[in-house]
Amino acid sequence: MNSRRNFIKKSAIVGAGISVLPNLTYGFSTKKDKLKVALIGVGLRGTNHLTNLLQREDVVVTAICDVDPVRIKIAEEHIKKHKNPKVQVFGKDDYDYKNLLELKEIDAVIIATPWLWHTRMAVDSMKAGKYTGLEVSAANTLEECWDLVNVHEETGSHLMILENVNYRRDVLAVLNMVKQNVFGEMIHFRCGYQHDLRFVMLNDGKSAYGKGVEFGDKGISEAAWRTQHSVLRNADVYPTHGVGPIAVMCDVNRGNRMVSLTSHATKSRGMHNYIVGNGGENHPNAKVNFKMGDVITSTIETANGETIIVTHDVHLPRPYSLGFRVQGTKGLWEKDGDRIYIEGQSKKPHEWDDSKEWLEKYDHPLWKKYGEHALGAGHGGMDFFVINAFVESAKENIAPPMDAYDAAAWSAITPLSELSIENNGEPQDFPDFTRGNWIKNKPYNWMKGTF
Ligand SMILES: NC(=O)c1ccc[n+]([C@@H]2O[C@H](COP(=O)([O-])OP(=O)(O)OC[C@H]3O[C@@H](n4cnc5c(N)ncnc54)[C@H](O)[C@@H]3O)[C@@H](O)[C@H]2O)c1
């Protein structure tokens with residue numbers, strides 16, 4: 001742990017040499033050496049962020065907020081194990097986070113609460129002048145999407161959507177291939193969230209991944225809040241793990257934008273079958289009607305003429321896969337099957353190469369540099385990178401790699417898919433959250449090896 005702390009300190013000095021040296025020379029740095037960070041929501045995800053923050057020399061965790069005293073106790077125990085000073089604690093009621101936001105000393109805030117709290121907390125945090133990190137998905141309605149953009153513009157406070165999949169090793173290697181034109185001109189993408197979540201969305205109220213078929217007041221962690229979305233909404237409620245990486249590959253909001261979407265939903269069987277299978281047909285939850293279709297498929301058109309198929313599939317038995325496919329005029333990557341084909345370069349015409357060699361050849365500079373240190377950070381290492389990008393951007397108070405406009409555009413898939421499904425697949429227009437600026441915005445430099 002300590003070696004990771006020291007490593008981050010040393011490599012930040014070496015890696016950030018270009019930005020640090022001018023500051024030393026001219027002596028007017030606005031870059032903070034130590035970022036004072038607060039966390040709102042220290043459930044499973046927030047605690048993961050907390051653990052990664054505590055391992056950094058350049059962060060002081062200053063305050064935490066959670067309405068569940070059990071989670072506060074767990075967080076405090078983590079904090080005690082580190083050199084971090086004692087934190088201020090909030091959470092006496094649902095709105096105590098506002099008292100946390102009044103603390104002048106806090107520079108940055110990470111929000112990892114249930115979805116319905118995301119936008120209002122992020123808006124309050126930006127209004128309080130904090131550099132704000134927001135878990136996925138960022139917003140639930142189009143109005144909330146606009147709130148994120150409007151408040152960012154009104155206050156000048158930055159918002160980063162904490163989409164960790166953008167930092168997955170294979171995703172970044174494929175992005176490297178996209179940027180080096182290996183696939184040619186981009187044409188088509190597939191992605192989604194395909195994860196059997198029934199053991200998370202239904203539990204026994206004691207253990208988050210336990211047995212049991214309870215949810216709402218009788219469930220804990222995501223069963224306490226996520227499942228109700230499946231009862232009441234027929235929409236892709238979790239689009240950003242898939243669309244975040246793809247949006248970066250095709251420069252959404254920076255030279256391109258998502259223009260329209262059509263969505264279709266299947267019938268709903270998975271949740272009911274799981275409840276009957278594990279709780280019996282007389283369990284009260286066996287009577288619950290789940291409005292959300294088991295498989296939701298959305299097709300997005302971009303201004304530059306690509307299509308993106310996004311799938312939401314969390315109620316049926318299946319192994320985990322985000323189902324990526326990245327296809328251009330010269331070839332394609334498919335995650336399912338771990339295969340790549342590039343015309344004229346693959347070993348045989350019309351036959352797949354194993355993706356391994358390609359992904360190693362195009363390994364992203366960030367992974368080359370930090371990979372071994374990132375691996376213990378959660379979700380195969382990508383959690384280290386998303387927190388690293390947040391902290392480094394916040395220390396300089398510069399626009400993050402994934403900003404308020406990205407948060408809005410990616411999250412808009414939820415309400416737009418809901419509208420389309422309700423209207424038999426009718427196309428829905430994406431609002432242009434950049435107000436036309438996507439035409440001149442330049443892509444963020446994802447290939448720099450710092451963050
Ligand atoms: N990026 C990823 O890989 C990833 C993984 C898991 C979860 N998430 C996201 O993180 C968020 C949290 O998910 P989780 O799994 O940690 O859920 P969780 O239920 O374990 O944690 C949420 C926490 O928020 C607290 N909370 C609720 N209302 C609050 C309020 N008003 N003030 C303060 N605290 C409040 C709860 O008590 C709970 O401890 C969700 O948005 C989820 O989608 C992202």
Side-chain angles (χ1 to χ4, degrees), residues 38-52 63-76 78 88-101 109-125 133-140 144 160-168 171 193 195 197 199-201 203 205-210 215-217 219-230 236-245 312 314 320 322 377-387 389-390 402 407 410-411 414:
L39 292 118
I40 305 178
V42 282
L44 294 182
R45 187 68 185 145
T47 304
N48 188 272
H49 289 318
L50 173 67
T51 311
N52 286 324
I64 54 173
C65 176
D66 200 296
V67 287
D68 182 350
V70 176
R71 297 308 310 178
I72 290 286
K73 196 159 171 264
I74 293 170
E76 284 184 313
H78 277 287
Q88 298 203 51
V89 174
F90 297 83
K92 65 177 187 311
D93 59 40
D94 270 340
Y95 293 93
D96 205 18
Y97 76 88
K98 290 183 185 238
N99 294 317
L100 175 151
L101 292 175
V109 171
I110 287 181
I111 298 163
T113 47
W115 296 333
L116 295 182
W117 284 104
H118 280 190
T119 300
R120 71 182 86 178
M121 286 174 170
V123 159
D124 288 340
S125 174
L134 180 56
E135 257 307 332
V136 300
S137 220
N140 303 279
E144 285 190 341
M160 174 165 166
I161 178 169
L162 298 173
E163 183 43 77
N164 47 347
V165 180
N166 282 53
Y167 293 92
R168 214 169 83 172
V171 163
Y193 191 65
H195 188 186
L197 282 185
F199 74 112
V200 179
M201 291 171 65
N203 57 40
K206 294 182 198 115
S207 158
Y209 308 125
F215 68 95
D217 292 343
I220 65 160
S221 192
E222 298 207 357
W225 54 269
R226 185 177 192 137
T227 314
Q228 194 63 13
H229 291 260
S230 291
D236 181 341
V237 290
Y238 207 53
T240 70
H241 285 328
V243 130
H312 183 265
V314 302
Y320 176 92
L322 300 188
H379 287 114
M382 58 197 185
D383 290 348
F384 161 80
F385 290 104
V386 74
I387 285 299
F390 176 74
M402 305 172 282
W410 306 351
S411 303
T414 297

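Remember, it's 1-based here, ligands and their atoms both numbered in the order they're listed.
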Exercise. Indicate yes or no: at least one non-hydrogen side-chain atom of Leu134 is less than 4.5 angstrom from one of Leu162.
Key: no
Practice problem: Determine whether Ile161 and Val136 make a side-chain contact, defined as any pair of heavy atoms from C-beta on separated by less than 4.5 Å. | Solution: yes
Quiz item: Tell me: protein heavy atom nearest atom 3 (O) of ligand 1, and distance?
Solution: Asn164 ND2, 3.0 Å
Exercise. Examine Ser137 against ligand 1 and note whether any of their N/O atoms are separated by less than 3.5 Å.
Key: no
Quiz item: Quick check: does any side chain N or O of Thr227 sit under 3.5 Å from a backbone N or O of Phe215, one acting as donor and the other as acceptor?
Solution: no
Quiz item: Heavy atoms only: which of His241, Lys98, Glu222 is nearest to atom 13 (O) of ligand 1?
Solution: Glu222
Quiz item: Of all the heavy atoms in Phe90, does at least one lie under 4.0 Å from an atom in ligand 1?
Solution: no
Quiz item: Of all the non-hydrogen atoms in the protein, which one sits nearest to atom 23 (C) of ligand 1, and at what distance?
Solution: Asp66 OD2, 3.6 Å
Exercise. Please examine the side chains of Leu101 and Tyr97, heavy atoms only from C-beta on, and report whether any two atoms are closer than 4.5 Å.
Key: yes
Quiz prompt | Identified ring pair (Phe, Tyr, Trp, His ring centres under 6.0 Å) counterpart of His241 within the set Tyr167, Tyr320, Tyr193 | solution = Tyr193
Practice problem: Spell out, as yes or no, whether a donor-acceptor pair under 3.5 Å connects the side chain of Asn140 to the backbone of Trp115. | Solution: yes
Quiz prompt | Member of Val42, Thr47, Leu39 meeting the side chain to side chain contact (heavy atoms under 4.5 Å, CB included) criterion with Asp66 | solution = Val42
Quiz item: Who's the nearest protein heavy-atom neighbour of atom 28 (N) of ligand 1, and how far?
Solution: Trp117 NE1, 3.5 Å
Quiz item: Given Lys92, Glu135, His379, Met382, which one has a non-hydrogen atom that is nearest to atom 44 (C) of ligand 1?
Solution: Glu135
Quiz item: Atoms of ligand 1 less than 4.0 Å from Asp68 heavy atoms?
Solution: 37 (O)
Quiz item: Who's the nearest protein heavy-atom neighbour of atom 42 (C) of ligand 1, and how far?
Solution: Val136 O, 3.6 Å
Exercise. May I ask you to decide if Thr113's main-chain N or O and His118's side chain share a donor-acceptor pair within less than 3.5 Å?
Key: yes
Quiz item: Is Arg168 salt-bridged to Asp383, cutoff N-O under 4.0 Å?
Solution: no
Quiz item: Who's the nearest protein heavy-atom neighbour of atom 2 (C) of ligand 1, and how far?
Solution: Arg45 NE, 3.4 Å
Quiz prompt | Minimum-distance protein heavy atom relative to atom 24 (O) of ligand 1 | solution = Pro114 CD, 3.5 Å
Self-check item: Identity of the nearest option to atom 18 (P) of ligand 1, non-hydrogen atoms only, from Ser221, Gly219, Ala138
Solution: Ser221
Quiz item: Does a side-chain heavy-atom distance below 4.5 Å link Val386 with Met402?
Solution: yes
Exercise. Check each atom of ligand 1 against the heavy atoms of Thr113 and keep those under 4.0 Å away; list them by number with element.
Key: 11 (C), 12 (C), 24 (O), 34 (N), 35 (C), 40 (C), 41 (O)
Quiz item: Can you tell which part of Tyr95 has a heavy atom less than 4.0 Å from ligand 1: side chain, backbone, both or neither?
Solution: neither
Practice problem: Note the single closest protein heavy atom to atom 35 (C) of ligand 1, along with its residue, its atom name and the distance in Å. | Solution: Val67 CG2, 3.6 Å
Quiz item: Any idea which protein heavy atom is nearest atom 12 (C) of ligand 1, and the distance to it?
Solution: Ala112 O, 3.5 Å
Quiz item: With only distance considered, is Leu44 within less than 3.5 Å of ligand 1 through an N or O on each side?
Solution: yes
Self-check item: Side-chain heavy-atom pair Asn203, Ile220 within 4.5 angstrom cut-off
Solution: yes
Exercise. For Arg71, counting its heavy atoms only, list the atoms of ligand 1 lying under 4.0 Å from any of them.
Key: 39 (O)
Practice problem: Output the list of atoms in ligand 1 that are nearer than 4.0 Å to some heavy atom of Asp94, sorted by atom number. | Solution: 30 (C), 31 (N), 32 (N)
Practice problem: State, yes or no, whether a side-chain contact exists between Ile40 and Val109 at a heavy-atom distance under 4.5 Å. | Solution: yes
Quiz item: Got Val171 and Met382 here, is their nearest side-chain heavy-atom distance under 4.5 Å?
Solution: no
Quiz prompt | For Met121, atoms of ligand 1 separated by under 4.0 Å from a heavy atom | solution = 30 (C), 31 (N), 32 (N)
Quiz item: Where on Trp115 is there a heavy atom closer than 4.0 Å to ligand 1, on the side chain, on the backbone, on both, or on neither?
Solution: side chain
